[in-house]
Amino acid sequence: MTQPTPRPLARSLDPLPGESLAGFLLRLSYRMGITPHRLAMLCGLTCRSDSIPQEQLRGLSPEVAGQLASIAHLSLPEVQALTLQELTKTYPPLARLRTGRADIGSTSFVNWATNPDGRYCPACLHGDGSPVQRAFGGAWQLCWYLPITFACTQHSCLLESACPQCAQPLSGRIVRRYSLVRIPHVSGLHPGQCRNLAPGPPPKPRARATPCGARLDVPDDAATPLPPPDLQCVLDLQHDLNLRLVPGGLHRAAEEDAPQTYFADLITTARLITLSWPMGATFLSSSTLMDLVDEYATPYVHNPAQRGVQIQRSAPRGTAQTSALLLAAATVLGDRDLVPLRERIEPLTREVHRRSASIGCQWP
């Protein structure tokens, strides 16, 4: 018996520039007045009883992509642009994720592939003032899922990683799995509202989950954790990283020879700085930035038994820590002229070797 052909939705939305699959589901389900889980099922996405598996953000099969395009009135390029599939060409850690494994939001952060928790810019979620974005909000950007994205260059701010009201990370984790949308069976929430469980006793079995509901799309006037000179430095770095994510985004001759190696070099250098800390502190220009990296590297420095485990391979979860660590790594790489680069790298590698040899560990 053949399955009936799914009917196209009565109405849909055009994806916003840079929008993620999760953000599209949030905006369209809000417009249609149904739950994100119901919408995902109507669109042919894989759904579990309690979640919409987040590994679908990595990419969709041709059959599922075609079905989503037909049902939601989208083109295939529009559907593909909602996933991380295209970014595998410019961001190698994504290409190393194993197909079929549900690690898009769980263990993948260990190898700098994706963020385990959500990040956002309140001004981006607020929208640009157009009628559509006034009604349904701005885009949850796809690039926010990458550990190397820590700031919004359009609004000159670090990304937020927790709800301002419930103070919980924006994690879609359910037991050991991650969902594209937190509490996907709840409808009526604006795409810019927090979908974390409200603080308090856990809901009873079969009881309706109560979301936090705080608005995330209200720009916060609170002081940034970075002083203006440091903030400008990390914004300049973010601008450069954004260009490197776009095929052909950098046209400098020095980058044309090996355009795929920069992110791998940057992440490896960040690990070296973590493993040899505080030796790498000399590559940061302020005590504020040094303190941020120190917060991240301290568990390794003061717990040598943890060497060789995850601390040197995982991305920082805080955007301020990420920005400081990657700024130090980018400073070490510099223009990548071999002689001065070797002079900057060798002290770090010697210190890492000395520490690992002292406890019988090897560089992974």
Side-chain angles (χ1 to χ4, degrees), residues 1-86 118 120 124-142 144-145 170 172 174 178-195 206 208-213 215-217:
M1 182 176 178
T2 59
Q3 294 291 332
T5 303
R7 294 186 301 173
L9 300 173
R11 55 188 181 274
S12 187
L13 287 170
D14 291 330
L16 299 175
E19 186 169 32
S20 67
L21 179 59
F24 180 74
L25 290 176
L26 286 174
R27 291 196 309 121
L28 184 53
S29 64
Y30 180 69
R31 184 189 184 192
M32 298 182 65
I34 60 177
T35 68
H37 192 275
R38 175 61 177 161
L39 175 62
M41 291 187 65
L42 291 175
C43 290
L45 298 178
T46 300
C47 294
R48 298 190 180 97
S49 61
D50 58 352
S51 64
I52 308 167
Q54 199 183 68
E55 55 262 31
Q56 294 172 103
L57 188 67
R58 187 186 314 159
L60 301 172
S61 68
E63 295 76 17
V64 173
Q67 188 170 338
L68 174 58
S70 175
I71 293 173
H73 308 278
L74 305 177
S75 66
L76 276 176
E78 285 177 324
V79 170
Q80 292 167 348
L82 293 172
T83 72
L84 296 165
Q85 186 172 3
E86 290 299 310
Y120 66 97
C124 286
L125 294 185
H126 184 72
D128 61 4
S130 64
V132 169
Q133 294 195 34
R134 281 202 306 269
F136 309 116
W140 284 88
Q141 293 286 328
L142 185 64
W144 294 344
Y145 284 92
L170 302 184
I174 301 174
Y178 279 75
S179 176
L180 267 176
V181 176
R182 180 69 167 163
I183 317 182
H185 288 291
V186 172
S187 63
L189 284 181
H190 186 276
Q193 285 183 274
C194 174
R195 301 185 72 92
R206 300 185 180 275
R208 179 184 175 88
T210 303
C212 167
R215 295 300 290 249
L216 306 174
D217 54 357

Distance, nearest 0.5 Å, that separates [atom1] of [X] from [atom2] of [Y]:
X	Y	atom1	atom2	answer
Leu39	Ile52	CG	CD1	8.0 Å
Leu142	Leu57	CG	CG	6.0 Å
Cys43	Leu9	SG	CG	5.0 Å
Leu82	Glu78	CG	CD	8.0 Å
Gln141	Leu16	CD	CG	8.0 Å
Ile34	Leu28	CD1	CG	7.0 Å

Practice item. Begin from the C-alpha positions of Leu45 and Leu60 and carry the test side-chain contact (heavy atoms from CB on, under 4.5 Å) through to its verdict. Key: CA-CA 9 Å; Leu45 298 178; Leu60 301 172; 4.0 Å; yes
Does [X] use its side chain to pair, donor to acceptor, with the backbone of [Y] at less than 3.5 Å?
X	Y	result
His185	Ser49	yes
Arg31	Ser12	yes
Ser70	Gln67	no
Ser29	Thr35	no
His37	Arg48	yes
Gln133	Ser130	no

Closest non-hydrogen atom pair, [X] against [Y]:
X	Y	answer
Leu26	Pro36	CD2-CG, 4.3 Å
Cys194	Leu189	O-CD1, 4.2 Å
Leu125	Ala139	CD2-O, 3.7 Å
Val186	Pro211	CG1-CG, 4.2 Å
Val79	Leu68	CG1-CD2, 3.8 Å
Val181	Arg195	CG1-NE, 3.4 Å

**Study point:** Test salt bridge (charged side-chain N to carboxylate O under 4.0 Å, His left out) applied to Glu19 - qualifying residues, sequence neighbours left out
**Key:** Arg27
Review point. Should Arg215 and Asp217 count as an ion pair when the cut-off is N to O under 4.0 Å?
Key: yes
Check your understanding: Is there side-chain contact between Ser20 and Leu180, with heavy atoms separated by less than 4.5 Å?
Key -> no
Review point. Side-chain contact, heavy-atom cut-off 4.5 Å: Tyr145 with Gln54?
Key: yes
Check your understanding: Could you walk me through whether Leu170 and Arg182 pass the side-chain contact (heavy atoms from CB on, under 4.5 Å) check?
Key -> CA-CA 8 Å; Leu170 302 184; Arg182 180 69 167 163; over 6 Å; no
**Study point:** Whether over 12 other heavy atoms sit under 6.0 Å from Met32 CE
**Key:** yes
Review point. So Tyr120 and Trp140, would you call those rings parallel, tilted or perpendicular, with 30° and 60° as cut-offs?
Key: tilted
Revision key, fill the gap. For Asp14, the side chain to side chain donor-acceptor pair (under 3.5 Å) test, sequence neighbours excluded, returns none
